[in-house]
Amino acid sequence: PLITKLFNSPHTKPDNSNLYSWTDPDGKRKFSNVQPDAHASDLKIEHETNPSSNVTKIEIRGNSIYVPIQINHGGKSINTSIQLDTGASLTVIPERVSKYINAEILGLTTAKVADGRKITVERRRVDYLKVGPCSERNFEIASAKIAGADNRGLLGMDFLKNYPFRIDTKNSQIIWE
């Protein structure tokens with residue numbers, strides 16, 4: 001069963017639920033695996049899942065690709081989307097997200113950002129990180145204050161190296177191989 005897989009394998013392809021997005025009455029973009037009330041006029045299924053599916057819908061903005069993810073720690077879960085970045089060695093999530101799920105603090109480390117600066121980030125551990133049909137349990141992430149309205153974090157090679165994939169820009173999807 002699924003629970004056995006989750007706890008016995010570091011790399012799992014669990015059964016997922018759909019990932020929905022909509023804009024709330026305050027104008028904020030929301031993501032959830034629970035379908036919102038019918039009043040959401042711009043409701044979209046961002047990621048329609050199937051346990052045997054190897055396809056994940058993505059959002060492409062300019063030259064950036066955003067991937068829906070689920071992060072869980074201590075029974076608290078959040079669905080969001082972060083930028084896929086094959087140039088990033090670490091997966092980085094915003095500090096507010098790691099605090100919300102109360103991800104375990106492991107310590108501090110230094111990370112080099114795209115413009116060459118070095119910044120201090122928290123090393124944290126989450127129970128699992130799920131992207132499409134792929135997940136990692138007891139996964140170490142970096143947590144940092146991320147500036148900018150659209151800076152939602154980075155899905156780095158520490159996750160991606162375990163799951164070969166192709167990006168289909170025409171159909172806005174990732175095919176996990």
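Only a predicted model underlies this, so the values are computations on that prediction, with no experimental measurement involved. Note that these values count all heavy atoms, side chains included, but never hydrogens, waters or copies made by symmetry.
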How long is the straight-line distance from [atom2] of [Y] back to [atom1] of [X], given to the nearest 0.5 Å?
X: Ile60; Y: Ile167; atom1: CD1; atom2: CD1; answer: 7.5 Å
X: Gln83; Y: Asn63; atom1: CD; atom2: CG; answer: 10.0 Å
X: Tyr128; Y: Ile69; atom1: OH; atom2: CD1; answer: 11.5 Å
X: Ser89; Y: Lys161; atom1: OG; atom2: NZ; answer: 9.5 Å
X: Asn162; Y: Met157; atom1: CG; atom2: CE; answer: 9.0 Å

Sole candidate of Arg96, Lys99, Arg123, Glu95 that passes side chain to side chain contact (heavy atoms under 4.5 Å, CB included) when paired with Ser143: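 Only one of Arg96, Lys99, Arg123, Glu95 forms a side chain to side chain contact (heavy atoms under 4.5 Å, CB included) with Ser143, namely Glu95.
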
Please examine the side chains of [Y] and [X], heavy atoms only from C-beta on, and report whether any two atoms are closer than 4.5 Å.
X: Leu154; Y: Ile82; value: no
X: Lys57; Y: Pro68; value: no
X: Leu108; Y: Glu122; value: yes
X: Asn138; Y: Arg125; value: yes
X: Leu155; Y: Leu129; value: yes
X: Lys112; Y: Arg117; value: no
X: Pro164; Y: Trp176; value: no
X: Phe159; Y: Cys134; value: yes

Please check if [X] and [Y] belong to a single hydrophobic cluster, counting links between Ile, Leu, Val, Met, Phe, Trp and Tyr side chain heavy atoms closer than 4.5 Å.
X: Val92; Y: Ile105; answer: no
X: Ile93; Y: Val113; answer: no
X: Ile141; Y: Leu106; answer: no
X: Val126; Y: Val121; answer: no
X: Ile174; Y: Ile71; answer: yes

Steps toward side chain to side chain donor-acceptor pair (under 3.5 Å) verdict (Arg152, Ser81): CA-CA 7 Å; Arg152 297 179 266 180; Ser81 62; 2.7 Å; yes

side-chain contact (heavy atoms from CB on, under 4.5 Å) between Lys76 and Tyr100, intermediate numbers included: CA-CA 8 Å; Lys76 232 178 183 181; Tyr100 172 77; 4.1 Å; yes

Over 12 non-hydrogen atoms of neighbours within 6.0 angstrom of CG in Asp115: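 Counting other residues, nucleotides and ligands, CG of Asp115 exceeds 12 neighbours.
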
Please confirm whether the backbone N or O of [Y] pairs with a side-chain atom of [X], one donor and one acceptor, at under 3.5 Å?
X: Asp127; Y: Gly74; result: yes
X: Tyr163; Y: Ser135; result: yes
X: Arg124; Y: Ala142; result: no
X: Thr91; Y: Gly156; result: yes

Residue pair Asp168, Arg166: steps toward the side-chain contact (heavy atoms from CB on, under 4.5 Å) verdict: CA-CA 6 Å; Asp168 176 357; Arg166 287 181 293 117; 6.0 Å; no

Ring-face cation contact, Tyr66 with Arg61, 6.0 Å cut, 45° max: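 Relative to the ring axis of Tyr66, which defines the angle, Arg61 lies inside both limits.
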
Residue pair Leu84, Phe165: steps toward the side-chain contact (heavy atoms from CB on, under 4.5 Å) verdict: CA-CA 12 Å; Leu84 185 148; Phe165 64 92; 4.2 Å; yes

Check: Gln70/Ser77 side-chain N/O donor and acceptor closer than 3.5 Å: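 Side chains of Gln70 and Ser77: pair found under 3.5 Å.
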
Working for side-chain contact (heavy atoms from CB on, under 4.5 Å), residues Asn54 and Ile175: CA-CA 6 Å; Asn54 67 336; Ile175 297 111; 3.7 Å; yes

